[in-house]
Amino acid sequence: MMKKAEPAHPINHNIRAADVLLIDQDNTNQGVIPTSDALKQAQAVQLDLVVVSPEAQPPVARIMDYGKHLYQQKKRLNSGKSSKTRLKEVKLRPNVDDADYSRRVDLAKKWLGDGNMVKFQVRLRGREHQHRDRAVELLSRIQDDLENIGKVQSLDRRGLVLQMVSA
């Protein structure tokens with residue numbers, strides 16, 4: 001049988017301290033009062049009495065809507081996750097076919113539209129190293145095809161990194 005998770009802060013009748021330093025719903029310091037009186041004040045405004053600092057002497061309790069507080073905390077934590085941009089990589093060979101090339105460019109356009117960064121790499125093997133100019137031509141072709149969608153952030157011997165143009 002699973003045990004119900006206890007709240008992170010003691011609330012309402014779970015407060016064990018005899019006296020608390022009360023901060024009301026308007027963020028006004030009411031001073032040190034008995035816990036029973038603080039609980040009556042919270043019930044009068046139909047809110048919860050929550051201990052926000054249990055280590056303090058006496059503990060600091062606040063009158064608030066605890067459910068709303070938990071919701072806002074959860075929302076604050078989740079908001080940071082979606083804003084991160086990712087670096088997507090596309091690896092090509094210098095002798096790439098037109099169909100493969102157009103597919104990879106279309107995929108890069110989609111990723112740039114989603115707010116991600118795209119890195120193109122041209123991989124050379126064996127005798128392809130003797131024709132590095134083909135790799136440079138391929139990267140410049142990619143740059144020309146994507147110039148209206150993304151701007152070049154860096155172009156070096158490792159590849160081409162594009163980022164979405166802010167309109």
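Since we're looking at a predicted model, the values are computed, not measured. For the single chain, residues carry numbers from 1 onward in sequence order.
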Is there a side chain to side chain contact (heavy atoms under 4.5 Å, CB included) between V90 and Q121? Walk through the geometry before answering. CA-CA 6 Å; V90 178; Q121 284 186 327; over 6 Å; no

To the nearest 0.5 Å, how far apart are [atom1] in [X] and [atom2] in [Y]?
X: K40; Y: T35; atom1: NZ; atom2: OG1; answer: 12.0 Å
X: I23; Y: Q30; atom1: CD1; atom2: CD; answer: 10.0 Å
X: D24; Y: M64; atom1: CG; atom2: CE; answer: 11.5 Å
X: D65; Y: Y71; atom1: CG; atom2: OH; answer: 12.5 Å

Checking side chain to side chain contact (heavy atoms under 4.5 Å, CB included) against V60, which of L21, V32, L22 comes through? L21

I'd like to check [X] versus [Y] (side-chain heavy atoms, cut-off strictly below 4.5 Å). Are they in contact?
X: H131; Y: D133; result: yes
X: Y101; Y: R141; result: yes
X: L92; Y: R123; result: no

Check R104 with D98, please: is the shortest side-chain N to carboxylate O separation under 4.0 Å? no

Could you list the donor-acceptor pairs under 3.5 angstrom formed by side chains in residues 46-54, with sequence neighbours left out?
{"residue": "D48", "atom": "OD1", "partner": "N12", "partner atom": "ND2", "Å": "3.1"}
{"residue": "D48", "atom": "OD2", "partner": "Y66", "partner atom": "N", "Å": "3.2"}

Looking at R134 and P94, what are the two nearest heavy atoms and their distance? CB-CB, 4.1 Å

On a heavy-atom basis, the closest approach of P59 and D19 is CD-O, 3.7 Å

E89: partners by side-chain hydrogen bond (donor to acceptor under 3.5 Å, both in side chains), with sequence neighbours left out: none

When you measure from the side chain of D114 to the backbone of N116, do you find a donor-acceptor pair of N or O atoms at a distance under 3.5 Å? no

Answer yes if L138 and L124 sit in the same cluster of Ile, Leu, Val, Met, Phe, Trp and Tyr residues linked by side chain heavy atoms under 4.5 Å apart, and no otherwise. yes

Linked, directly or transitively: L107 and V105 (ILVMFWY side chains, under 4.5 Å): yes

For D106, side chain to side chain contact (heavy atoms under 4.5 Å, CB included) partners two or more places apart: K109

